[in-house]
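Below is one structure, written out as structure tokens; the observations come after it.
What you see is a predicted model; the values in this text were computed from it and never measured.
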Amino acid sequence: MKSKLICALLVTATAYSVSGITATGTRTRPGIIAVSRDMRHLVGQNVTVQGKSYKVADIMHRRFRKRIDIYMPRMADAVQFGKQRVIIK
């Protein structure tokens, strides 16, 4: 029986609602997150944040470390989400 290694990382999470093209060439849409450059090895992978699955498809500005940015289609939802400390798996 194969075992799957599950890693967890505590990061700062914010949200954004600007439509556009991600670093991987896909359009922003619900279920997409950006990660800071120190976590760019996650690009293309699926991660879980607060029980929801997201595809890592974008990279944030180099000034950020241990940070994710979750795409939300409505600005009001992004503002309400604010800035949180979350665990990603």
> Which pairs count as salt bridge (Lys or Arg N to Asp or Glu O under 4.0 Å) when at least one residue sits in residues 47-69, sequence neighbours excluded?
Replying inline: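 Matches after skipping sequence neighbours: none remain.
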So, taking the atom named [atom1] in [X] and the one named [atom2] in [Y], what distance separates them when rounded to the nearest 0.5 Å?
X   : Y   : atom1 : atom2 : result
I33 : T22 : CD1   : OG1   : 12.0 Å
R40 : M60 : CZ    : CE    : 14.0 Å
M72 : Q80 : CE    : CD    : 8.5 Å
S19 : R27 : OG    : CZ    : 6.5 Å

> Please walk me through it: do T28 and V18 pass side chain to side chain contact (heavy atoms under 4.5 Å, CB included)?
Replying inline: CA-CA 8 Å; T28 53; V18 178; over 6 Å; no
> Looking just at side-chain N and O atoms, do T12 and R85 make a donor-acceptor pair shorter than 3.5 Å?
Replying inline: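 Yes, a side-chain donor-acceptor pair sits under 3.5 Å.
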> Should Y54 and I70 be marked as a side chain to side chain contact (heavy atoms under 4.5 Å, CB included) after you check the CA-CA gap, both sets of side-chain angles, and the distance that decides it?
Replying inline: CA-CA 8 Å; Y54 294 93; I70 302 170; 3.5 Å; yes
>> Could you tell me if the side chain of P73 sits less than 4.5 Å from the side chain of S17, heavy atoms only?
In response: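 Side-chain contact under 4.5 Å: no.
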>> Among V56, L9, V35, L42, exactly one meets side-chain contact (heavy atoms from CB on, under 4.5 Å) together with I68. Which residue is that?
In response: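 In the set V56, L9, V35, L42, the residue that makes a side-chain contact (heavy atoms from CB on, under 4.5 Å) with I68 is V35.
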> Given the rule in the side chain to side chain contact (heavy atoms under 4.5 Å, CB included) test, do T24 and V43 qualify, once you have shown the distances and angles that lead to the verdict?
Replying inline: CA-CA 8 Å; T24 60; V43 171; 3.4 Å; yes
> Would you say F81 and I32 are hydrophobically clustered, going by side-chain heavy atoms of ILVMFWY under 4.5 Å?
Replying inline: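 F81 does not cluster with I32.
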>> Let me check something: do V49 and F64 share a hydrophobic cluster, defined by ILVMFWY side-chain heavy atoms less than 4.5 Å apart, either directly or through other members?
In response: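 In one cluster: no.
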> ring pair (Phe, Tyr, Trp, His ring centres under 6.0 Å) with Y16: which residues, sequence neighbours excluded?
Replying inline: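 Y16 satisfies ring pair (Phe, Tyr, Trp, His ring centres under 6.0 Å) with Y71 only.
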